[in-house]
Amino acid sequence: AARTVADGSADATLMFSNAFTAGKVHEARVVFYATQVVQLRPGLAAHNRQDLVPLTLGRMNGGCMDLAEDTKLPWKFQELSNQVSGVRMLATKRIDGFCTTSEAIADALASSGLASEFAQAQKLELSSKPVWLMLSTRLTPAVASRLEAGVKELQRTGAIDRIFQARLGGSYVLRLPK
């Protein structure tokens with residue numbers, strides 16, 4: 001997504017800042033805060049990041065920078081193309097953990113029908129990060145302003161919170177910027 005926004009093929013995306021996006025996109029507005037987690041397969045436990053080192057961890061297309069940037073440790077990553085395949089690989093024990101966000105894992109578990117299998121499985125929290133509205137630097141100022149204003153309005157009216165609750169359940173609490 002970041003690559004298509006950076007090269008002007010797309011106008012915007014929502015994602016974390018990273019080394020690739022720096023200077024290539026305009027970080028217009030924090031949309032919400034997400035928690036980066038490693039969802040472990042049922043039966044596994046980890047007390048800290050060090051406990052994750054011997055495990056095979058799924059990640060989305062080179063993601064999981066919270067761990068990957070620590071190059072002193074020999075991480076074993078399995079590249080995944082979508083969230084649902086990640087939870088299915090966890091369920092079949094093809095991977096030991098899946099590095100993603102708490103929102104994405106909740107959605108993938110519900111979408112795959114595997115939520116009950118993972119009800120007692122551990123999620124190790126890695127960090128809390130802002131998710132940005134990232135805009136192409138090729139956008140006209142008028143279009144960029146409209147996109148920013150649209151996100152601001154979704155936040156102000158609570159519509160963005162309702163979207164997340166509809167997808168992730170009524171007990172989900174979206175963390176918005178103040």
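We count residues from 1, following the sequence as given. Given the structure is predicted, the values throughout are model-derived calculations rather than measurements.
- No path of Ile, Leu, Val, Met, Phe, Trp and Tyr side chains, each step under 4.5 Å between heavy atoms, connects Leu57 with Met60, placing them in separate hydrophobic clusters.
- Rounded to the nearest 0.5 angstrom, Trp75 CH2 and Arg59 CZ are separated by 11.0 Å.
- With values rounded to the nearest 0.5 angstrom, Gln122 atom CD is found 5.0 Å from Leu40 atom CG.
- Leu126 and Leu44 fall within the same hydrophobic cluster, defined by Ile, Leu, Val, Met, Phe, Trp and Tyr side-chain heavy atoms under 4.5 Å apart, directly or through other members.
- Between Glu153 and Thr157 there is a side-chain heavy-atom pair separated by less than 4.5 Å.
- Under the rule for a side chain to side chain contact (heavy atoms under 4.5 Å, CB included), the partners of Gln78 that lie at least two apart in sequence or sit in another chain are Thr56, Leu80, Met89, Ile95.
- Here the NZ atom belonging to Lys123 is positioned 7.5 Å from the CD1 atom belonging to Ile105, to the nearest 0.5 angstrom.
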Got a list of side-chain donor-acceptor pairs under 3.5 Å for residues 62-74, not counting sequence neighbours?
residue: Asp66; atom: OD1; partner: Lys129; partner atom: NZ; Å: 2.7
residue: Asp66; atom: OD2; partner: Ser127; partner atom: OG; Å: 2.4
residue: Asp70; atom: OD1; partner: Lys72; partner atom: N; Å: 3.4

Check the pair Gln165 / Asp161 against side-chain contact (heavy atoms from CB on, under 4.5 Å), numbers first and verdict last.
CA-CA 6 Å; Gln165 284 189 359; Asp161 191 43; 3.5 Å; yes
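- For the pair Arg138 and His26, the minimum side-chain heavy-atom distance is 4.5 Å or more.
- For the side-chain hydrogen bond (donor to acceptor under 3.5 Å, both in side chains) test, residues two or more places apart in sequence or in another chain that qualify with Asp7 are Ser9.
- Distance check: Arg94 CZ to Arg88 CZ gives 12.0 Å after rounding to the nearest 0.5 Å.
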Decide yes or no on side-chain contact (heavy atoms from CB on, under 4.5 Å) for Phe118 and Leu90, but give the supporting numbers first.
CA-CA 10 Å; Phe118 284 83; Leu90 278 173; 3.7 Å; yes
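- Looking at heavy atoms from C-beta onward, Gln83 lies out of side-chain contact with Leu109 at the 4.5 angstrom threshold.
- For the residue pair Val84 and Ser111, the shortest heavy atom distance occurs at CG2-CB, 4.2 Å.
- Under the 4.5 Å side-chain criterion, counting only non-hydrogen atoms from C-beta, Asp51 is not in contact with Val53.
- Counting non-hydrogen atoms of other residues, nucleotides and ligands closer than 6.0 Å to CD of Gln120 gives a total of 12 or fewer.
- Nearest heavy-atom pair, Gly8 versus Ser136, reported as atom, atom and distance to 0.1 Å: CA-OG, 3.8 Å.
- The other residues sharing a hydrophobic cluster with Phe32 are Leu14, Phe16, Val31, Val131, Leu133, Leu135, Leu139, Val143, Leu147, Val151, Leu154, Ile160, Phe164, Leu168, Tyr172, Leu174, Leu176, where clustering joins ILVMFWY side chains under 4.5 Å apart.
- Every residue two or more places apart in sequence or in another chain was checked for a side chain to side chain contact (heavy atoms under 4.5 Å, CB included) with Ser171, and none qualifies.
- Counting side-chain heavy-atom gaps under 4.5 Å among Ile, Leu, Val, Met, Phe, Trp and Tyr, the cluster of Met15 also holds Val5, Val25, Val30, Tyr33, Trp132, Met134.
- For Ser85 (side chain) and Asn82 (main-chain N/O), a donor-acceptor pair under 3.5 Å exists by modelled atom type.
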Step-by-step side-chain contact (heavy atoms from CB on, under 4.5 Å) determination, Arg29 to Lys152:
CA-CA 8 Å; Arg29 179 176 189 82; Lys152 186 176 182 179; 3.4 Å; yes
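- Side-chain contact between Gln155 and Pro177: present, with at least one pair of heavy atoms (C-beta onward) separated by less than 4.5 Å.
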Step by step, would you call Gln39 with Thr100 a side-chain hydrogen bond (donor to acceptor under 3.5 Å, both in side chains)?
CA-CA 8 Å; Gln39 172 68 65; Thr100 185; over 6 Å; no
Does the pair Val37 and Leu124 meet the rule for a side-chain contact (heavy atoms from CB on, under 4.5 Å), with working shown?
CA-CA 5 Å; Val37 299; Leu124 183 67; over 6 Å; no
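- Residues Arg175 and Ser128 come closest through the heavy atom pair NH1-OG, 2.8 Å.
- Residues Pro54 and Lys76 approach most closely at O-NZ, 2.7 Å, considering heavy atoms.
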